[in-house]
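Model, not experiment: these values are computed from the prediction. Chain letters run A, B, ... following the sequence lines, proteins first and then strands; every chain starts at 1.
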Amino acid sequence: MIIENSNFILEHIASSGQCFRMNRLNDSEFSLIAGNRYLHLKQLDIKRVELSCGSEEYEEFWKEYFDLNYDYEEVVGKLLSGGDEFLRKAVDYGYGLRILKQELFEILITFIISQRKSIPAIKRCVEELSLKFGEKRKDTSTGNVYYTFPTAEVLSKASKESLRETGLGYRDEYVRGTAIAVINGDINLNSLPNLNFEEAVKELMKLPGVGIKVANCVALYGLHQIDAFPIDVWIERILKDIYDNQFETDRYKGYAGIVQQYMFYYIRSL
DNA sequence: AGCCAGGAGTTAA
DNA sequence: TTAACTCATGGC
């Protein structure tokens, strides 16, 4: 089915560093594995995207996944007219970015993996992990074969050695420890959506391999706390070099996470 | 070849 | 509380 939206650019979303299983197939087409599902996407033009799913699956899952109930045009308008030169250029460059609503456990593990890794390396590791510990599926509408992201159950039972074979490096114990914490009830992922931002971050940081930055990423991409503002090495450079450490996230309350996404995507292009 | 990657944990002060 | 050091691996 075809989606019309003036802020939905697949190329920008796929390479924005928030999802690691969305891949470019050619000039206009992309594949995406999210949760247990597979989707084929095609950018028809600047305002139209074709999805391989039917309207029922779209309404039930993908519409929410792509945050298509939220009006990004309003945020874009504020940033373009807000008088901040860097943000204006960032939005101008990264138009069509959105904050996806991804599966919580998958986001938790992938951002634990992300520490001290480049985006290509993260993607490779996530694919290896899915191939080794996920379930093989076949998409009914495209016939495409893919592997789901592994469950906490499976990862909690995996040996350190088998985990490390996927390229995790020293993060093997973090992944294992977090999966075990989820299974034995040390943390209840289902309760996190009920917490406010500060409480959720505090809870997440009890997990091995989850510090302030990863917790913010999980809050933003897995809990859709769009005031979360993850500060990685790139964002830190911006805050220092562009804003002389005077950037005020409070000024963008209600959509700071979206601002962060534009910043991140833009700075990496320079 | 050597540096850096969407950092976190530990230790020392 | 903060600073320095270490961690395994791959991409460029």
Exercise for the section: Would you indicate whether the side-chain heavy atoms of A:Phe111 and A:Phe20 approach each other to under 4.5 Å? Expected result: yes
Completion exercise
Of A:Pro208 and A:Tyr221, the one whose closest nucleotide on DNA chain B sits nearer the 5' end is A:Tyr221
Problem - Enclosure of A:Glu74 CD (heavy-atom neighbours >12, cutoff 6.0 Å) - result: no
Problem - Between C1' of B:dG9 and CD1 of A:Ile212, the distance in whole Å - result: 15 Å
Practice task
Evaluate whether atom CD of A:Glu236 has more than 12 neighbouring non-hydrogen atoms of other residues, nucleotides or ligands under 6.0 angstrom away.
Solution key: no
Practice task
Using the six-membered ring for Trp and the full ring for Phe, Tyr or His, decide whether A:Trp234 stacks on the six-membered base ring of B:dG6 (centres under 5.5 Å, planes under 30°).
Solution key: no
Exercise for the section: Using only heavy-atom distances, decide whether a donor-acceptor pair under 3.5 angstrom links the side-chain of A:Gln261 to the base of B:dG6. Expected result: yes
Practice task
Specify the separation, in whole Å, of atom CG of A:Asp232 and atom P of B:dC4.
Solution key: 15 Å
Problem - Sugar-phosphate only, base, or nothing, as touched by A:Gln260 at under 4.0 Å among non-hydrogen atoms - result: base
Exercise for the section: Rounded to the nearest angstrom, tell me the gap between atom CD1 in A:Ile107 and atom P in B:dG6. Expected result: 15 Å
Fill in the blank from the handout: Heavy-atom closest pair (A:Phe133 atom, A:Leu163 atom, distance to 0.1 Å) is CE1-CD2, 3.9 Å
Problem - Residues within residues 15-27 of chain A bordering DNA chain B, heavy-atom distance below 4.0 Å - result: A:Ser16, A:Gly17
Handout entry: Interatomic distance, A:Leu207 CG vs B:dG7 C1' [rounded to whole Å]
Key = 15 Å
Practice task
Specify the separation, in whole Å, of atom CD1 of A:Ile122 and atom P of B:dA8.
Solution key: 12 Å
Problem - Same-atom distance (C1') from C:dA3 to B:dG6, integer angstrom - result: 23 Å
Problem - Check: A:Tyr266 ring centroid to A:Phe264 ring centroid under 6.0 Å - result: no
Practice task
Locate the shortest heavy-atom distance separating A:Ser28 from A:Lys42; write the atom from each residue and the value.
Solution key: OG-NZ, 3.2 Å
Completion exercise
Assert: residue with more 5' nearest nucleotide on DNA chain B, out of A:Pro230 and A:Gly209, is A:Pro230
Practice task
Sugar-phosphate means primed atoms, P, OP1 and OP2; the rest is base. With that split, encode nucleotides 5-12 of chain C 5' to 3' as B, S or - using protein heavy atoms under 4.0 Å.
Solution key: --BBSSS-
Problem - A:Ile113 CD1 to B:dA8 P, straight-line distance once rounded to whole Å - result: 14 Å
Practice task
Could you give the distance separating B:dG9 and C:dG10 at their C1' atoms, to the nearest angstrom?
Solution key: 22 Å
Completion exercise
From NZ of A:Lys213 across to C1' of B:dG9 the rounded distance in Å is 17 Å
Exercise for the section: Decide if the gap between the ring center of A:Phe86 and the ring center of A:Phe247 is smaller than 6.0 angstrom. Expected result: no
Problem - Distance in angstrom units between A:Ile119 CD1 and B:dA5 C1', rounded - result: 9 Å
Problem - Check ion pair A:Asp45-A:Arg48 (N to O, under 4.0 angstrom) - result: yes
Exercise for the section: Would you indicate whether the side-chain heavy atoms of A:Leu87 and A:Tyr262 approach each other to under 4.5 Å? Expected result: no
Problem - Side-chain donor/acceptor of A:Gln102 to backbone N/O of A:Gln18, under 3.5 Å - result: yes
